[in-house]
Amino acid sequence: EFAEHHQLASSQGLATFFCDPHKPWQKGGIENAIGRMRRYLPRKTDLETLTDEHFLNLSRLYNHIPRKCLDFQTPAEAFSKVLHFERDSTRSQHPTIAMPKSLQPRPAPYVRP
């Protein structure tokens, strides 16, 4: 999947990071996503047996579950706002426009032990 990851840096200016093997704490977001998918796919599910339609339905379901980190928007809603923002005609005139506040990450609330 990331055989050509160096192209992200050269064409998009994005840095890539590879986690160490067997260290799930280095990739919390991925572990969270896997946990969400496991609600619908048991651990030993053979992905070869899934139809394209079933897989697409799982993807749609995953992208339409509200997330606290997105201010209870779904990823689909948040992404569509970013796409609209990126394509906005004022973007080229104002290249330093900040990300909308509703899409900025929020710090985790402090919880007393």
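Nothing fancy with the numbering, it's 1 onward along the sequence.
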TODO: Give a yes or no on whether Asp20 atom CG has more than 12 heavy-atom contacts from other residues, nucleotides or ligands under 6.0 Å away.
DONE: yes

Open item on the list: Would you compute the distance between atom CZ of Phe72 and atom CD of Glu77 and round it to the nearest 0.5 angstrom?
Closed with: 12.5 Å

Open item on the list: For a 4.5 angstrom cut-off between non-hydrogen side-chain atoms, does Leu41 reach Leu47?
Closed with: yes

Task: Thr74 side, atom OG1; Asn63 side, atom CG - distance, nearest 0.5 Å - done: 7.5 Å

Open item on the list: Looking at every heavy atom in both Lys27 and Cys19, which two are closest together, and how far apart are they?
Closed with: CB-SG, 3.7 Å

TODO: Quickly, which of Leu58, Asn32, Leu61, Thr45 forms a side-chain contact (heavy atoms from CB on, under 4.5 Å) with Met37? Name it, please.
DONE: Leu58

Open item on the list: Counting only heavy atoms from other residues, nucleotides and ligands, does the tally under 6.0 Å from CD1 of Ile30 exceed 12?
Closed with: no

Open item on the list: Under 6.0 Å from the ring centre and within 45 degrees of the ring axis: does the NZ or CZ of Arg67 meet both conditions for the six-membered ring of Tyr62?
Closed with: yes

TODO: Please confirm whether the backbone N or O of Pro66 pairs with a side-chain atom of Gln73, one donor and one acceptor, at under 3.5 Å?
DONE: no

Open item on the list: Main chain of Arg60, side chain of His64: is a donor-acceptor contact present, judged purely on distance under 3.5 Å?
Closed with: yes

Open item on the list: Rounded at 0.5 Å granularity, tell me how far CD in Glu31 sits from CH2 in Trp25.
Closed with: 10.5 Å

